[in-house]
Every structure is written in structure tokens, then in C-alpha cells.
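Structure, as C-alpha cells:
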Amino acid sequence: MGRTHFSRYGYAFCCVVFCCPVLAASPERHYQVEPQAISAQVPRLGVNLGEWVAWGAGQLSANVLKNPGFEGIIDRAIVLVKAADGVSFSDDTAWTKRPDGFWAGARYDVRSGGAVGQQGLLFDSKAVGKMGLPEFTVIGNAPPLSPGDVVSLTLTNDRRLPSQWWFDNGLLPGQLTVVSDDVHPDSPGLRSLALSPLAGKPVEVLSYLDSIGDRAGKLLPVNGKWKLRLWLKQKSPGAKLTVSFRRLNGGPAFFQETLSASGQWQQLKREFTAQDVGAAGTLSLSLRVEGTEGQIIVDDIELGAVVNAAEGAFRPEVVAALKRLQPGYLRDWQGQLGDTFANRIADSFARRASRYRPGAESTFSYGLPEFLQLAATVGAQPWVVVPPTLGDEELQQFGRYLASQADVWHFKEVLVEFGNENWNSVFRPAGIPAYQAHGEAATRAFRYLLEGANHHSALHTVVNGQYVNPWLSAKYLGGVSNAQTLAVAPYFLFKLNADDDLLSKLFSQDDFYRETRDATRMQGKELSVYEVNLHTTSGTASVASRNTATTSAAAGAALAQRLLTGLNAGISRQCLYTLAQYDAFVEGQQNPRELVKLWGIVRDLGASPRLRPTGLAMEMLNRVLPAAVYPLRPLEPEDKALTLTALQTPKGWALAAVSAKPDVQTIKVRFPDGADKQHWRLLTLASAAPTDNNEDAEQVRILETPLAAQGGELGFAIPAYGFVVVSAGE
């Protein structure tokens with residue numbers, strides 16, 4: 001064995017890797033579990049599944065290719081009327097503008113006000129109209145709109161080249177690559193991709209994956225058996241197609257073959273064994289057509305590891321990570337505010353990309369059927385974000401679909417949230433920030449959705465509010481008569497400056513829970529948390545300090561403190577954000593490309609997924625949930641640097657405790673029915689130092705040791721800036 005060392009943080013650790021907490025000399029703190037429960041039944045913590053990306057840690061789908069059917073794009077947006085006349089209306093903000101004529105032919109749908117429910121088509125649009133704001137001209141007479149009315153716009157474009165693919169043909173886009181309505185007989189989609197070389201100039205279509213290896217390593221390793229499937233047709237002779245899949249690091253291709261096509265549609269299937277042994281580098285799938293003439297059509301392409309089809313549409317690493325975390329809820333938030341209901345349930349080969357922000361890259365999402373199956377597979381209840389842009393008929397269809405799926409998958413709850421952060425200007429192109437208009441639009445949306453669901457008992461309606469503005473949150477909730485829950489996002493540590501004491505700043509958290517909770521209870525409604533994590537994107541701290549704050553063992557303890565504060569305030573549903581994201585951009589820096597390691601609670605979904613300490617904190621708490629939550633009364637003057645929660649589980653009593661102090665804390669607790677009758681286990685978020693992380697190696701883990709009660713009390717130690725869970729032993 002290696003020698004044992006002691007750090008100034010009160011940890012003992014072996015020179016091998018990990019540590020055990022040591023009882024250091026410190027005053028004992030005594031607590032009594034009170035007999036009256038705060039909450040009778042609290043489910044396990046949930047998690048946001050997050051956006052499927054092709055470049056970072058969130059590479060979620062078993063078919064790793066986005067837009068595999070080469071389909072078109074849906075644009076949707078919300079207009080909040082500034083002014084209107086008999087033929088046109090204008091938006092109330094300039095930053096939602098698109099180029100002149102962008103919305104020509106789009107459908108409008110009035111979602112609030114005296115003209116609610118009226119629909120029609122747009123003849124034209126201007127980026128800057130008569131009032132200096134985006135302006136929309138209708139075909140025929142405009143509906144009688146008033147300032148503040150909500151209008152949804154929808155435009156589907158099936159003519160442009162498919163998003164999520166890149167084209168390199170040496171000529172102007174579209175000369176050698178076009179979309180075609182010639183699809184194979186079994187295709188659920190509308191389009192294919194036609195590739196035509198000209199005078200010896202090849203045409204190449206590419207999909208890029210796993211492209212941040214310079215800072216993160218391989219986030220999508222290509223090892224073992226993989227498969228490639230695609231449909232091909234030779235429209236006219238003279239061209240040949242070469243498919244190549246490689247990592248752009250100078251190494252050999254994982255797969256490369258020149259494929260033969262005939263005049264009839266045929267599906268080609270290939271399996272290959274890969275060894276991803278080289279350096280990190282962007283993954284590239286290339287479809288390269290060469291020849292002096294001719295045309296080849298490609299459709300419905302699939303690339304990914306060979307897995308059991310029964311595991312569903314997500315990579316096995318995604319399923320394994322979620323099963324380890326045991327989420328009580330799985331929230332479907334992936335930027336789908338510009339989507340349609342039909343597209344949300346479409347087959348992946350028929351699914352279009354969608355977009356709601358002007359000038360932004362479109363999003364290609366995993367579908368609602370795949371999401372619901374995943375939730376059922378990992379034992380979670382689904383939490384679905386419904387775009388505010390949906391029309392009445394779509395909402396009825398949405399409700400019917402969710403009700404049927406609740407029965408198919410035996411969900412006890414299906415949470416249905418109206419939009420995402422309507423109060424947040426970031427989402428204004430598809431959000432409704434004014435609480436009066438929000439109330440009318442959300443009430444109507446829930447009415448049609450619930451009617452479609454025949455008021456299925458599993459459906460639970462949710463509106464979102466701003467955590468730091470309890471007054472506004474109460475207004476959002478109060479304006480929606482058929483909402484059952486208000487959900488907020490209590491992010492913390494928004495700013496970290498160069499001169500801040502990192503560890504103490506992590507645990508200096510505001511608390512707007514109780515004011516918002518009291519307001520929701522006065523309305524007879526519930527309070528939930530749709531997202532929570534650190535949000536350390538502001539301030540003057542260095543990249544290294546900022547990353548220590550977000551990925552350290554202390555960060556896991558600080559997040560646990562946030563979660564325990566929520567439990568002690570009587571909040572039952574809490575969802576962490578997000579499953580897998582390697583990093584995010586910092587705000588307001590001189591270098592706009594500066595990054596911080598947020599928000600993934602899983603470091604990556606590679607060959608050996610490692611949880612960040614924030615993820616370990618979730619795992620620890622979910623080992624003692626569901627449970628009833630009880631308060632603890634300190635028997636000495638309260639120490640606000642300690643946060644404790646008592647839980648009564650089906651197996652017996654449990655405790656969760658966080659210390660924001662720089663030395664080990666000794667805690668002793670008395671229970672209403674004593675502590676000697678129960679066997680105990682101590683789970684510690686263990687590391688050699690509070691600043692250790694799991695980014696490059698596993699330095700932080702959950703350490704499990706037995707405990708014994710003495711004299712009717714249970715005693716245990718909390719490491720410096722640490723987190724522990726005490727549970728009933730086996």
C-alpha cells in the first residue's frame with residue numbers, strides 16, 4: 001500500500017488515488033430530526049437530456065448523423081404586435097428581423113387578443129418597416145390586431161440544400177448538388193440528395209462530428225463494430241460514389257469504399273471494425289461523386305456503432321449514464337421552439353431541421369417518440385417543452401399523442417411546459433415575455449392540449465418563471481388558470497472575479513425559494529425546478545479558476561447545497577442542467593472564444609464515461625430518493641455554513657449534509673424513533689482536495705463506508721467543503 005498523507009483540508013488520502021474523510025478535532029454539532037415532514041413524497045432528482053450536438057459531448061443519437069434524410073427546414077417565430085393596420089402589422093423589437101421577403105408565403109396564427117384563432121398567409125415581410133421595426137404584410141385583409149397581441153409565424157422550406165451537411169464542389173452551391181423528390185419506396189421523407197459531377201469536377205458532401213478534440217479529446221470514439229447504411233440510385237450513368245469515414249488526424253480511414261449504384265433504388269449495408277488509436281481530430285463522413293457526367297441520388301443514411309436495436313435510438317453510453325444517475329424526470333429541452341408537432345413525432349429520416357432565431361444555425365433534434373422511449377427505459381417521468389408557436393389543432397394533436405404515450409409507457413406523470421424561459425430575452429424570437437399576453441396564450445394552449453388528451457390524469461401543466469424575480473414569476477403563474485406548477489431555474493455563482501475566494505464564493509448562494517414558494521402556495525399551485533447548476537460565465541476570473549469552480553469536488557458539494565436548500569423549502573421536482581456538455585462560452589470577455597466547462601454533469605459519453613462531481617452529487621442523492629423530507633433542528637446556535645436534510649425512505653432514515661467550512665465537521669443526529677435500530681452507510685464525495693476534478697482522470701468518486709449509531713445518536717463527519725449522504729445499510 002502507498003503511504004497515507006494528510007491535507008490541510010482535513011482529508012486523508014493514499015498516494016494511489018482516493019481519500020477517506022478523517023475525524024479531525026472540531027466542535028460537534030448536534031441536531032434533532034423534527035417529527036413533522038416538510039414534504040410527504042419527493043421523487044428522485046431529474047436531469048435535462050439537452051441538445052443533441054454533432055461536435056461536443058452531447059452526441060446522443062445511435063445514428064450519429066444529423067438530418068440523415070436530407071430534409072428541409074422549418075422556421076417559426078413569435079411576433080408581439082407593436083402596431084397594425086388593415087394590411088400589415090409590425091413586431092415590437094428589431095432583433096427578430098429577417099431579410100426582406102423572408103416570410104413571404106408563411107402562415108400566421110393569432111394566439112391572443114380579440115382576433116385570437118384567426119389565420120392566414122403573408123404576402124411579404126420587411127426587415128425594417130414603416131416604424132423601423134420588422135413588418136409583415138398579409139394576403140387579403142389583416143385581422144383586427146391590437147398592441148401586445150401574439151402572432152405565430154410558420155414557414156417550411158423544402159427547396160434549400162439540407163442543413164447539417166457541408167458541400168464542397170468547387171462551383172457555386174447548387175450547381176452540382178440539388179435536392180430531389182425522387183425517394184426510395186420505403187422512405188418516410190420527401191427528399192433525397194442528387195449529386196452530379198461535371199467535366200471531371202467531383203462533388204463532395206460532408207458531415208463533421210466530434211470536432212473539439214483539441215481541448216476535450218475524443219468525445220465520440222470509433223471502436224468495435226460499426227455500420228453504414230444508405231440508399232442509392234444511379235439517375236444517369238457515368239458517375240461513381242466513394243464513401244469515406246475517417247478522423248482528420250492523418251490516420252487511415254475507418255471505412256472507405258466506392259459503391260456501385262443501379263437504375264433502381266437499393267439499400268447498401270456495410271459493417272466494419274474500427275480501432276480509434278490515433279490522435280484526436282474531427283470525424284468526417286464524405287460522400288464524393290466523381291466522373292465526367294451522370295448523377296447519383298443518395299437518401300436515408302445511417303452511421304453508428306452496431307448495438308442492440310431494442311436499446312432504442314440513443315447511444316448505449318447515453319442510456320448507461322442515465323441508468324447510473326437514476327433520474328426521476330427527464331426534461332426534453334433542446335431548443336425546439338421553432339418546431340411543429342408533426343415534425344416532433346416524425347421519423348428521423350423524415351424529420352426537418354427547425355429554427356426560431358434569425359440568422360442562427362438550425363437545430364436537428366431527436367424526436368419525441370425516441371425521447372419518451374428513453375425516459376421509460378431509464379425509469380424517468382418525461383418533462384416536455386411545448387413550443388408557444390403551436391396552433392390550436394397542433395396542440396390538440398399533441399395532447400392526444402401524450403395521453404396515448406402515457407398509457408403505452410405507463411408514465412405516472414407527463415409534465416408539459418409552455419415554452420422555455422418566456423421571461424428571458426434570449427428566447428424572445430419564440431417567447432412571450434409580457435405576463436398578460438403570456439397568460440392568455442398559455443391558458444389557450446393548455447386548454448386545447450388538455451382537450452386533446454381528454455384531460456388524462458398523467459398530464460401536468462407547467463409554466464416557467466424567473467427565479468430571481470418572484471413577483472414576475474407569480475404573475476406568470478397567476479395569469480394561467482389551468483397551470484398546475486410554476487418552474488424556476490435557481491442557477492448560482494453567475495460571476496467569479498479574479499480576486500474572489502473561490503471556495504467560499506461557491507457556497508455563498510442567494511435564496512429566493514421561499515418567497516416564490518409562498519406565492520405559488522397562495523395560488524394553490526406547486527413550485528418546481530426545471531434547471532439548476534452553476535452558471536459561472538461572468539466575471540474576471542481566469543479560465544483555470546473558473547474551470548476549478550465548475551468541475552471540482554467542491555462544485556459538487558455546492559450544487560448539493562443548492563438542491564438541499566430546495567428540498568428544505570418544500571420543492572419536490574428538481575432537474576439538473578444538463579446531462580452532457582463539455583463547455584460553454586464566457587460572457588463579456590475580451591476574447592469572445594474563451595470557454596468554461598459548463599454545463600454537463602457527465603464529462604463526456606466516450607468509452608469510459610466519467611461523471612463530473614456535480615453528477616456524482618446527483619447520483620448520491622438519488623440513492624436515498626424517493627423519500628419524505630423532514631427538517632433538522634440544531635441543538636446549538638445555527639451554523640449557516642452547514643446544510644442538512646433528513647429523509648425517510650422505504651428502507652429507513654437517511655441524511656444529506658453539506659459543509660461550506662474549511663475543516664472537517666463532526667455531526668451527531670437524533671431521530672424520532674432512535675438511531676440504534678438501523679444499520680447505516682456513509683457515502684462521501686471523496687477526493688484528495690476540494691479542488692480536484694474528473695476531467696482527465698478520476699480524482700473524485702463516491703466512497704462508501706459503514707457507520708454505527710451510539711447512544712441513540714448517529715455521528716458522522718463532513719469533509720471540508722464537502723458533501724455526504726447517510727443511508728440505511730443493507
Side-chain angles (χ1 to χ4, degrees), residues 10-12 19-45 557 560-561 563-570 572 617 619-686 702-730:
Y11 290 84
C19 69
C20 302
V22 172
L23 291 176
S26 63
E28 292 182 351
R29 309 292 303 182
H30 296 80
Y31 292 83
Q32 172 71 49
V33 177
E34 298 287 67
Q36 185 65 41
I38 298 171
S39 302
Q41 182 72 359
V42 173
R44 296 189 304 275
L45 300 170
Q561 176 182 284
L563 295 166
L564 296 187
T565 302
L567 291 176
N568 291 340
S572 294
E619 180 184 357
M620 289 169 66
L621 278 170
N622 275 349
R623 291 196 191 182
V624 291
L625 292 171
V629 175
Y630 286 77
L632 290 104
R633 178 170 55 89
L635 301 183
E636 296 90 12
E638 183 180 6
D639 187 340
K640 293 186 177 181
L642 299 173
T643 306
L644 288 84
T645 300
L647 307 107
Q648 193 169 41
T649 78
K651 294 181 179 180
W653 285 102
L655 295 165
V658 172
S659 171
K661 299 172 82 69
D663 50 6
V664 173
Q665 298 296 301
T666 303
I667 305 296
K668 290 193 174 180
V669 178
R670 288 188 174 273
F671 294 88
D673 52 0
D676 294 331
K677 298 178 181 179
Q678 185 169 307
H679 297 287
W680 299 93
R681 303 290 293 179
L682 176 67
L683 307 178
T684 303
L685 188 62
I702 300 171
L703 185 66
E704 188 169 348
T705 54
L707 277 182
Q710 292 182 346
E713 284 188 320
L714 180 69
F716 58 92
I718 314 175
Y721 303 109
F723 172 47
V724 300
V725 168
V726 181
S727 66
E730 297 297 334

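- In this structure, L655 and L632 have side chains that are in contact, with non-hydrogen atoms separated by less than 4.5 Å.
- Atom CZ of R633 is separated from atom CD of E638 by 12.5 Å, given to the nearest 0.5 angstrom.
- Judged by distance alone, the side chain of Q41 and the main-chain N or O of P626 form no donor-acceptor pair under 3.5 Å.
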Would you please test L642 and I667 for side chain to side chain contact (heavy atoms under 4.5 Å, CB included) and show each step?
CA-CA 10 Å; L642 299 173; I667 305 296; 3.9 Å; yes

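- The 12-atom threshold is not exceeded at CD of Q36, counting heavy atoms of other residues, nucleotides or ligands nearer than 6.0 Å.
- Contact annotation: the side chain of L647 never approaches that of S727 to less than 4.5 Å [non-hydrogen atoms, C-beta and beyond].
- Of all heavy-atom pairs between A40 and A628, the closest is O-CB, 3.2 Å.
- Note that CE of M620 is 10.0 Å distant from CD of E704, once rounded to the nearest 0.5 Å.
- Here the closest non-hydrogen pair linking F716 and A657 is CE1-CB, 4.1 Å.
- The distance from the CZ atom of R681 to the CG atom of L707 is 8.5 Å, given to the nearest 0.5 Å.
- Side-chain contact between L563 and T645 is absent, with no heavy atoms from C-beta onward closer than 4.5 Å.
- The shortest non-hydrogen separation linking Q561 to T643 is CG-OG1, 3.7 Å.
- When side chains are defined from C-beta on, I38 does not count as touching L567, because their heavy atoms never get closer than 4.5 Å.
- The closest side-chain heavy-atom distance from V726 to V669 is not below 4.5 Å.
- With a 4.5 Å cut-off on side-chain heavy atoms, Q648 and V33 do not count as touching.
- If you take CD on E28 and CG on L635, they are separated by 12.0 Å, rounding to the nearest 0.5 Å.
- Between Y630 and the options W653, Y31, F671, a ring pair (Phe, Tyr, Trp, His ring centres under 6.0 Å) holds for only W653.
- Atoms NZ and NZ, on K661 and K640 in that order, are 13.0 Å from each other to the nearest 0.5 Å.
- Counting non-hydrogen atoms of neighbouring residues, nucleotides and ligands closer than 6.0 angstrom, the CD atom of E34 exceeds 12 such neighbours.
- Taking all atoms of both residues into account, the shortest heavy-atom contact from Y721 to A660 is CE2-O, 3.5 Å.
- Shortest non-hydrogen contact noted between A717 and V664 is CB-CG1, 3.8 Å.
- Between I702 and R623 the shortest side-chain heavy-atom distance falls below 4.5 Å.
- Contact detail for G722 and I718: the closest heavy-atom pair is O-CG2, 3.6 Å.
- T684 places no side-chain N or O within donor-acceptor distance of the main-chain N or O of A686, the cut-off being under 3.5 Å.
- Side-chain contact between P634 and H30 is absent, with no heavy-atom pair separated by less than 4.5 Å.
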